[in-house]
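Once you've had a glance at the structure underneath, I'll fire off some questions.
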There are 2 protein chains.
Amino acid sequence: MVTRKEVAELAKVSEATVSRVFNGIGPMKPTTKARVLEAAEQLKYHPNAIAQSFARRRSGNLGVVLPYMPKVHLFSAYYFSEILSGIAEQVRELGYDLLLSLMKPDESLDYASLYRSQKVDACVILGARDTPGQRESLMHLQEQGYPFCLVNQRFEGLSFHEVDADHVEGSYQAVRHLQDEGFRKIAFLNGSLGYSNSVDRLEGYRKAMQDAKLEVAPELLLEGNYSRKSGYEAASRLWELRDQVEAVFAANDRMAIGLMQALRERGWVGGRDFAVIGCDDSDAAKLSDPPLSSISVPFFEMGKEAARGVLAGVLHGEAVHPARIKLPTQVVVRQSSKGNQANRSQKS
Amino acid sequence: MVTRKEVAELAKVSEATVSRVFNGIGPMKPTTKARVLEAAEQLKYHPNAIAQSFARRRSGNLGVVLPYMPKVHLFSAYYFSEILSGIAEQVRELGYDLLLSLMKPDESLDYASLYRSQKVDACVILGARDTPGQRESLMHLQEQGYPFCLVNQRFEGLSFHEVDADHVEGSYQAVRHLQDEGFRKIAFLNGSLGYSNSVDRLEGYRKAMQDAKLEVAPELLLEGNYSRKSGYEAASRLWELRDQVEAVFAANDRMAIGLMQALRERGWVGGRDFAVIGCDDSDAAKLSDPPLSSISVPFFEMGKEAARGVLAGVLHGEAVHPARIKLPTQVVVRQSSKGNQANRSQKS
DNA sequence: TTGTAGGCGTTATCAA
DNA sequence: TTGATAACGCCTACAA
């Protein structure tokens, strides 16, 4: 390995000068600088990042924490890959690296060890759930002054740095869209209320129904677990209620698609016999048949913003003052939510 | 920050002894060990990973290199997320961390800088393509003795450490399955031959057709780019040839689904009017309508094996002797490939 | 079984 | 504008 020392010798300067050149610090004679760069080039010198981290007491790594659940695709791959890409883009712009950490749920209490070992300067946490254990460990993190940002999950009552999408408004838009298409009997297939997303979506749904002076019958509220299978299963309950339901708003695309699949087996086709709109606007929405209307969520931008936020704190030495950022969503209309008065009147 | 020194003082031993206890090295009196652990516990001491890396001259990080292509979902998210999970699992078992690096294609020549900066001890490279530039930079890497492993991509003529699936056999199985269902006019929608996968699949297809004494008409060979859209577009060519085609083998699920979508618009339904089988057995295969038969590829295991391989080299100080590992694939039969003599005879 | 001490490659402070 | 030099926290011969 080529070290600073060898460069210094070849360039006939001190080691300190080599560092200065490479870090662009302090005034220096252009000729000296040129000599050093020349020598470095010749020796193919590359600063040792680890030694730098050690001396600077900063790793230059942003930690990204994901829940590790083998074989369980609770979150669509789409969700993670978009957020990750956003984080990666921001991180690269700031000259940071990205340390991925898959944590088993039961280890989640140990977020802090990541920091203590000094392998990361800050963290972005994905896929957290609102449980007492999580709350406690996050509060602990905050107390110790470790900078972190939660993506797509709020913790009501606590003030963390959070980047979220406006799921209340998104859901409102979704239900509103169904209403605009002429539907009035609208069911809601939600996910676990352990995710703030779900809570928000319920609120948006309720609001849209109220504003339209529509009743929210309790049996129109279904709960799945964000998997395709749970959507598939929810369909049987919906089928029993088919006289009371014209349209369904599902809290993600996978459940929406599972639902459509199950109802199709009974001869009910989405976008013809009933309407469906999902959430996420994932790839799957384009792949399904009929193509699924959905609420698009700016996952990429959320990841980018989260990374920007935490790293700004680290780089400028400012404390990250807890902000709650909400990015807007958008309705993407495809076939599954098309209104069709003719068919609907036949039914009733 | 609590350091080893403070622990040593509290436990009334030397710093070296603290290290020994934490690294489980050398013989030591149980009582000493207990005293050290007690002191560490009390002070909440955690070894500084960066200082360790620095002293050991090993980062403890495995680099994972992905091609960075914003907004271009060339590879299905499924592919990456499965391989990544496999890598993550292995890495955690070996006490390593995972450094993610998204590289723009034009930067790919600079793999080596990752190693030179000492941020990673080894790399797993995903989504490489067989281009002259890539070949050159990979050969360069190898010459310099940097350990790396390619996943799902072979470089014919060079001997790198590679973990692949047996795509030749997989394709053979796929085509064979279509033949067993009674189809004889089988088209092949492949991806770019810049990926060894595509080359392999073509070979498997050819072999299966030959073994069944079926002719491979050149017009039955189509090429897309692994996107849904390209599958959708390929459909128009297939439609023109509809008298010569009963079934299609597509080199991935996304193209297969795009194909089905386009043909359905013309009234041709997969699994009824024609048969389709894809590759990857991604989530999308279960989401499509009809559910898509596919060749399942053990991405998770491939990632795990790749990580195991490169890290074994690093940990045991052995050179990674270039191995070419091939994991088996499997046919997953769903509705899209069902034979249906009745309909097919109607057509002809 | 334990202690001593040199070294790892930088950064950053203080002089010159 | 540049050079010395003390950290940084840990590993690891070597010595005792």
Side-chain angles (χ1 to χ4, degrees), chain A residues 1-37 39-40 43-61 95 113 115-121 314-315 317, chain B residues 1-37 39-40 43-61 95 113 115-121 314-315 317:
Chain A
M1 158 183 284
V2 184
T3 70
R4 195 181 58 157
K5 189 175 173 188
E6 304 171 47
V7 176
E9 281 166 5
L10 181 58
K12 300 197 190 311
V13 296
S14 73
E15 295 188 42
T17 300
V18 177
S19 281
R20 283 193 201 97
V21 170
F22 270 81
N23 295 320
I25 285 173
M28 49 196 153
K29 229 188 334 201
T31 59
T32 318
K33 178 173 174 180
R35 249 197 359 269
V36 169
L37 290 177
L43 296 172
K44 296 200 182 314
Y45 165 73
H46 290 260
N48 181 324
I50 296 227
Q52 286 179 320
S53 300
F54 180 52
R56 292 184 180 133
R57 261 148 302 175
R58 269 218 248 113
S59 67
N61 294 152
S113 73
Y115 294 88
R116 277 194 290 256
S117 74
Q118 310 271 2
K119 274 216 152 185
V120 304
D121 302 332
V314 174
L315 292 173
Chain B
M1 159 183 283
V2 184
T3 70
R4 194 181 59 158
K5 190 174 171 188
E6 305 171 48
V7 177
E9 282 166 2
L10 182 58
K12 301 198 190 310
V13 296
S14 72
E15 294 188 45
T17 299
V18 177
S19 282
R20 285 194 199 95
V21 169
F22 271 81
N23 296 320
I25 284 173
M28 48 196 155
K29 226 187 339 200
T31 60
T32 317
K33 178 172 173 180
R35 250 197 359 269
V36 169
L37 289 177
L43 296 172
K44 297 202 183 309
Y45 166 73
H46 290 260
N48 180 323
I50 296 227
Q52 286 178 320
S53 300
F54 181 51
R56 292 184 179 133
R57 262 149 305 173
R58 270 217 247 114
S59 66
N61 293 152
S113 74
Y115 295 89
R116 277 195 291 257
S117 72
Q118 311 272 2
K119 274 216 153 185
V120 304
D121 302 332
V314 174
L315 292 172

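Excluded from the calculations below are hydrogen atoms, water molecules and symmetry mates; all remaining heavy atoms, backbone and side chain alike, are included. Numbered from 1 within each chain, the chains take letters A, B, ... in sequence-line order.
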Review point. Between A:Met28 and A:Val21, does a side chain to side chain contact (heavy atoms under 4.5 Å, CB included) hold up when you go through it step by step?
Key: CA-CA 8 Å; A:Met28 49 196 153; A:Val21 170; 3.8 Å; yes
Check your understanding: Do the non-hydrogen side-chain atoms of A:Arg116 and B:Val2 ever get within less than 4.5 Å of each other?
Key ->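 Answer no - side chains too far apart.
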Practice item. Rounded to the nearest angstrom, tell me the gap between atom CD1 in B:Ile50 and atom P in C:dT10. Key: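 After rounding, the reported distance stands at 14 Å.
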**Study point:** A:Glu9 CD - C:dG9 P separation (whole Å)
**Key:**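 Going from CD in A:Glu9 over to P in C:dG9 covers 13 Å.
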Check your understanding: How long is the line joining NZ of B:Lys29 and C1' of C:dG3, in whole Å?
Key ->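 Between C1' of C:dG3 and NZ of B:Lys29: 14 Å.
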Review point. Is the distance from OP1 or OP2 of D:dT2 to the nearest side-chain N or O of A:Thr32 less than 4.0 Å?
Key: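 Indeed, a polar side-chain atom of A:Thr32 lies that close.
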**Study point:** Between C:dG9 (P) and A:Leu43 (CG): distance, integer Å
**Key:**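 Going from CG in A:Leu43 over to P in C:dG9 covers 15 Å.
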Review point. Within the pair A:Thr3 and C:dG9, is there a side-chain N or O less than 4.0 Å away from OP1 or OP2?
Key: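 Result: no.
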Practice item. Would you mind telling me which of D:dT2, D:dC8, C:dC8 lies closest to the side-chain atoms of A:Arg57? Key: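 Closest nucleotide to the A:Arg57 side chain: D:dC8.
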Practice item. Look at B:Ser14 and C:dT4 and indicate whether a side-chain polar atom (N or O) is within less than 4.0 Å of OP1 or OP2. Key: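 False: B:Ser14 side-chain N/O out of range (4.0 Å or more) of C:dT4 OP1/OP2.
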Exercise for review: Compare all side-chain heavy atoms of B:Glu9 with those of B:Val18 and state whether any distance is below 4.5 angstrom.
Suggested key: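 No - every pair of side-chain heavy atoms lies 4.5 Å or more apart.
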Exercise for review: Measure from CE on A:Met28 to P on D:dG3 and round the result to the nearest Å.
Suggested key: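 A:Met28 atom CE is separated from D:dG3 atom P by 13 Å.
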Review point. Quick one: what's the B/S/- string for nucleotides 11-16 of chain D, heavy-atom cutoff under 4.0 Å, read 5' to 3'?
Key: BBB---
Check your understanding: NA contact type, A:Val13, heavy-atom cut-off 4.0 Å: base, sugar-phosphate, or nothing?
Key ->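 Sugar-phosphate only.
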Point to revise | First of B:Phe54 and B:Pro30 reached from the 5' end of DNA chain C, by closest nucleotide | key: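 The residue mapped nearer the 5' terminus is B:Pro30.
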Point to revise | Close side-chain approach of B:Pro47 and B:Tyr45, heavy atoms under 4.5 Å | key: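 They are in side-chain contact.
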Check your understanding: Where do A:Asn61 and B:Lys119 land on the side chain to side chain contact (heavy atoms under 4.5 Å, CB included) test, with the steps shown first?
Key -> CA-CA 10 Å; A:Asn61 294 152; B:Lys119 274 216 153 185; 2.7 Å; yes
**Study point:** Within-4.5 Å side-chain heavy-atom neighbours: B:Ile50 and A:Gln52
**Key:**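 The answer is no, as the side chains (C-beta and beyond) never meet within the 4.5 Å cut-off.
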Practice item. Answer yes or no: is there a side-chain heavy-atom contact under 4.5 Å between A:Thr3 and A:Asn48? Key: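 No. Closest side-chain heavy atoms not under 4.5 Å.
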Exercise for review: Round to the nearest Å and state the distance from B:Glu6 atom CD to D:dC8 atom C1'.
Suggested key: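 Value for this atom pair: 14 Å.
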Check your understanding: How close or far is atom P of C:dT2 from atom NZ of B:Lys12, stated in whole angstroms?
Key ->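 Those two atoms, NZ and P, are 16 Å apart.
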